[in-house]
K.L.:
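Here it is: the structure, laid out below.
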Amino acid sequence: MNQMKKWLLVLLLAHGAWSAGAFAAERYALEVDGLACPFCAYGIEKRLSAVDGVQNVETDIKSGLVIVSVEDGKPLTEATAKKAVEDAGFTLRGFRKDGSID
């Protein structure tokens, strides 16, 4: 394998690890009441994405679970999450650090 192909492979692997969240420091699981449709998911994702430090937001409408990944050193507080969720028109029912799904 020539040198150029090796560097390309290294770059692709590094990008894949970054995209997969290998460098995301913290995750939070938010249990949200009132999510009923994709428009609801969009609204809550938009509000949470505007919070300083938030890198990624994933919403499961059926379970009402919202997973939030944040930058290292910028933790998400329950008060901040609650405000963002309420500003989007929903109710925060549960808040857990590390995004574990029970």
Side-chain angles (χ1 to χ4, degrees):
M1 187 181 287
N2 69 29
Q3 191 68 9
M4 179 87 141
K5 286 183 181 178
K6 286 181 185 177
W7 277 110
L8 182 59
L9 181 60
V10 168
L11 288 172
L12 287 172
L13 290 173
H15 176 68
W18 181 267
S19 297
F23 300 107
E26 297 181 38
R27 288 174 27 130
Y28 298 84
L30 284 59
E31 296 172 46
V32 178
D33 287 335
L35 295 176
C37 65
F39 186 71
C40 296
Y42 171 76
I44 201 154
E45 289 170 4
K46 183 177 178 182
R47 289 288 183 166
L48 285 165
S49 293
V51 173
D52 184 40
V54 171
Q55 292 180 322
N56 189 45
V57 181
E58 300 172 34
T59 304
D60 182 348
I61 297 167
K62 186 175 180 180
S63 69
L65 189 64
V66 180
I67 303 295
V68 181
S69 300
V70 298
E71 294 176 29
D72 188 22
K74 294 192 177 181
L76 179 66
T77 66
E78 186 170 357
T80 300
K82 183 176 181 177
K83 179 168 178 10
V85 168
E86 288 177 352
D87 286 350
F90 304 97
T91 303
L92 182 64
R93 179 174 24 98
F95 178 88
R96 299 188 307 268
K97 186 176 175 182
D98 88 40
S100 58
I101 301 172
D102 297 334

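Just so we're clear, the structure is a prediction, and the values are computed from it rather than from any experiment.
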K.L.:
So which heavy atom on Ala88 is nearest to which on Gly43, and how close?
P.N.:
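Closest approach of Ala88 to Gly43: CB-O, 3.9 Å.
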K.L.:
Taking side chain as C-beta onward, heavy atoms only, is Ile44 less than 4.5 Å from Val85?
P.N.:
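Yes. Closest side-chain heavy atoms under 4.5 Å.
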K.L.:
Taking the side chain as C-beta and beyond, is there a heavy-atom pair between Pro75 and Val70 under 4.5 Å?
P.N.:
no
K.L.:
Determine yes or no for a side-chain-to-main-chain donor-acceptor pair under 3.5 angstrom, with Thr80 supplying the side chain and Leu76 the backbone.
P.N.:
no
K.L.:
Please report the closest heavy-atom contact between Ala84 and Val51, naming both atoms and the distance.
P.N.:
CB-CG2, 4.2 Å
K.L.:
Should Arg96 and Leu65 count as side-chain neighbours, where that means a heavy-atom distance under 4.5 Å?
P.N.:
yes
K.L.:
For the CD atom of Glu78 and the NZ atom of Lys82, what is their distance to the nearest 0.5 Å?
P.N.:
7.5 Å
K.L.:
Only pairs at least two apart or in different chains count here, so list each ring pair (Phe, Tyr, Trp, His ring centres under 6.0 Å) that has a residue in residues 66-95.
P.N.:
Tyr28-Phe95
K.L.:
For the pair Lys74 and Glu26, find out whether any cationic side-chain nitrogen is under 4.0 Å from an anionic carboxylate oxygen.
P.N.:
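Result for this pair is no, no salt bridge flagged.
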K.L.:
If you take all heavy atoms of Ile61 and Ala36, which pair is closest and at what distance?
P.N.:
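What the structure gives for the nearest pair is CG2-C, 3.7 Å.
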K.L.:
So, taking the atom named CG in Asp72 and the one named CD in Gln55, what distance separates them when rounded to the nearest 0.5 Å?
P.N.:
9.0 Å
K.L.:
Rounded to the nearest 0.5 Å, what separation is found between the CG atom of Leu30 and the OG1 atom of Thr59?
P.N.:
9.5 Å
K.L.:
Just grab all the ring pair (Phe, Tyr, Trp, His ring centres under 6.0 Å) pairs involving residues 50-86, residues at least two apart or on different chains.
P.N.:
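Listed once each, the pairs would be none.
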K.L.:
Nearest 0.5 Å, please: how far is CG in Asn56 from CD in Glu45?
P.N.:
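So the CD of Glu45 and the CG of Asn56 are separated by 8.5 Å.
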